[in-house]
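Since the structure comes first, as structure tokens, the remarks are kept for the end.
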Amino acid sequence: MRFIIGIYFIILCMAIRVNSFVGITWGRMQSQQLVPSMVVDLLLQNQIPAVRLRTSGSDISEIFSGTNISLAITLVNNYMWQANRTDLAYTWVNDRVKNPINKGVNIVYLTVGTEPFSNTFMKEARTDQVVNVIKLIRQALDDMGLGYVKTTTSHGMDVLKLTKIPSEADFRDDIKQQMLESLEFYNQTGAPFDLIMFPIHYIKEVLNYTMEFAYFDNKSGFKIQDGKFTYTNVVELMIDSVAWAIRKAGYPNMKIMIGQIGWPTDGYPHANIENAERFHKGFLKFIASNKGTPLKPGPIDVFLHSLSDENQFRAIFGAFQRHWGIYEADGNPKYKIDFSLQDRDTYPTQAKGIVKMPNRWCLFNGNREDMDLVNKNYNFACNIADCTSLEKGGSCDGLSDDSKVSYAFNVFFQKHKQQVELCDFDGLGEIRAENPSTGNCEFPVEILTFQDQAVKDGMILRI
């Protein structure tokens, strides 16, 4: 009898065990935006259960109505003024959360603020309003019967003082009070600490360790010993560094959710398709194990960053910021990744319904008689279009000087819907039908823009 009860208890524990979920972020800072309905279809095909938007626009969130895809929406730093009073907060919640939910949208997370205390990537958008605004929004949600919608704020690793040992981590002195107030709020409301982490950048710019330490199949033998804990990869080290800071603040049991993590495929040393595939393969096996980290054992919820490249994202901190996509901007997957966490050696599903522009490219005609004119047009093209693949370490870094000019002309031409007159460049450009791509350097042909495709499909959406 005791044996039967023991077996029943084990089965019951297995049944109620909460496993990790793996969602994905989706940003729309592209010159060629996928139609939102196509994105929904892509997520459903790949069985991705959750998506994080860097927007709160109801015209986009309502596309997910009736899909059961969990949605995390964002009130970004620059728009805190929209909800910084009680009346404004109630109006904002009604318009951006309650109305979409009433229409069948499964909003479960609301991120109020994106790295509001950053002193690196997001320092230009820093705001001290976030703690007050998130409390106002929380009150509005509760009063409207939406208590199940979790409210949190995303924070990068730069909220910590610089340290290479997790147990030595603590929050920066200049933001300590705001962080303590935020943690108290998360604890009271049952919200997770939302961590944004980019291992490739953290290893190179902060730790200055071997890049092998980024991978879960670390082949270097490099490791960090911190008391009784051993770290063989940077992801666990980063999570536990934040966990130590939270523990020192008095909240050892607070859940840490990874709000963004990924690996760029261009525009940075070690940023390529092969390394991105290797990183995600090891990382997703780690997530699927539900073992957690040395200091924080157990399942970890995560949003991979990101669905597709964003060639209009600000690149002030590096060209790689435009190349986080698991998918190319045209809906083609870059590398093998198994969102189901079954470690299958397979590519994700290709986006369906994509309409590409004609196979034609705008290239430099080779006229070098006036190099000042050539350089002027090259700089003009790159100031408007995305030339980040040409930067040092990029996939097109090895091109000849003439080919780099051709690349610049072409991305400008594609961004402007292949308008023939925009391939003139003071008589230096010409349109050709032969694909000039070479090696790892692809000369893109863009898809129809979101707006064009929307009109084509009879859709009218606000951007």
Side-chain angles (χ1 to χ4, degrees), residues 25-29 36 50-66 69-118 122-156 159 174-194 196 251 254 257 259 303 460-463:
T25 67
W26 175 37
R28 298 180 297 120
M29 297 184 71
V51 63
R52 176 173 225 154
L53 304 177
R54 287 201 301 269
T55 180
S56 61
S58 58
D59 53 340
I60 296 300
S61 64
E62 288 175 12
I63 296 295
F64 295 89
S65 175
I69 294 174
S70 297
L71 210 62
I73 63 174
T74 305
L75 174 58
V76 297
N77 300 350
N78 293 338
Y79 289 93
M80 290 291 162
W81 58 270
Q82 293 182 342
N84 63 2
R85 296 196 319 255
T86 298
D87 58 327
L88 294 176
Y90 274 75
T91 299
W92 192 92
V93 168
N94 184 71
D95 293 345
R96 304 302 179 99
V97 184
K98 185 176 181 179
N99 284 345
I101 287 177
N102 288 342
K103 295 178 181 179
V105 182
N106 186 27
I107 297 175
V108 297
Y109 277 108
L110 170 54
T111 305
V112 181
T114 302
E115 300 185 66
F117 308 132
S118 174
M122 298 292 290
K123 64 183 179 182
E124 292 182 354
R126 177 170 172 166
T127 175
D128 292 325
Q129 295 187 64
V130 64
V131 179
N132 177 58
V133 171
I134 196 172
K135 291 179 178 179
L136 292 173
I137 285 179
R138 178 73 267 162
Q139 185 62 52
L141 287 167
D142 291 342
D143 288 350
M144 293 183 186
L146 302 173
Y148 62 89
V149 178
K150 298 292 184 183
T151 48
T152 187
T153 303
S154 63
H155 298 288
V159 296
D174 63 309
I175 59 166
K176 190 72 169 285
Q177 188 55 45
Q178 293 102 316
M179 289 305 302
L180 291 177
E181 192 174 351
S182 297
L183 292 172
E184 181 182 13
F185 172 80
Y186 305 152
N187 185 61
Q188 289 175 349
T189 60
F193 186 96
D194 190 342
I196 292 178
Y251 306 103
M254 181 171 291
M257 177 177 72
F303 287 92
I460 299 177
L461 295 173
R462 292 182 291 110
I463 301 299

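- With sequence neighbours left out, the side chain to side chain donor-acceptor pair (under 3.5 Å) criterion links T74 to no other residue.
- Pairing each heavy atom of V130 with each of T153, the nearest pair is CG2-OG1, 3.7 Å.
- Listed by chain and residue number, nothing satisfies the side chain to side chain donor-acceptor pair (under 3.5 Å) test with S61 (two or more places apart in sequence, or in another chain).
- To the nearest 0.5 Å, atom CD1 of residue I137 and atom OG1 of residue T151 are 8.0 Å apart.
- Under the salt bridge (charged side-chain N to carboxylate O under 4.0 Å, His left out) criterion, R54 pairs with E310, not counting sequence neighbours.
- In this view, E184 satisfies the salt bridge (charged side-chain N to carboxylate O under 4.0 Å, His left out) rule with no residue, not counting sequence neighbours.
- The line from CD1 of I134 to CD of Q139 is 13.0 Å long, rounded to the nearest 0.5 Å.
- Within the structure, salt bridge (charged side-chain N to carboxylate O under 4.0 Å, His left out) pairs that include any residue of residues 139-156 comprise R138-D142 (at least two apart or interchain).
- For the side chain to side chain donor-acceptor pair (under 3.5 Å) test, residues two or more places apart in sequence or in another chain that qualify with D87 are R85.
- The 12-atom threshold is not exceeded at OH of Y79, counting heavy atoms of other residues, nucleotides or ligands nearer than 6.0 Å.
- The ring-ring contact (aromatic ring centres under 6.0 Å, His included) check on F193 picks up H155, with sequence neighbours excluded.
- Every residue two or more places apart in sequence or in another chain that forms a salt bridge (charged side-chain N to carboxylate O under 4.0 Å, His left out) with K135 is listed here: E181.
- Not counting sequence neighbours, the partners of N78 by the side chain to side chain contact (heavy atoms under 4.5 Å, CB included) test are A125.
- For Y109, there are no ring-ring contact (aromatic ring centres under 6.0 Å, His included) partners at least two apart in sequence or on another chain.
- With sequence neighbours excluded, the residues satisfying salt bridge (charged side-chain N to carboxylate O under 4.0 Å, His left out) with D174 are R126, R172.
- Listed by chain and residue number, S70 satisfy the side chain to side chain donor-acceptor pair (under 3.5 Å) test with N106 (two or more places apart in sequence, or in another chain).
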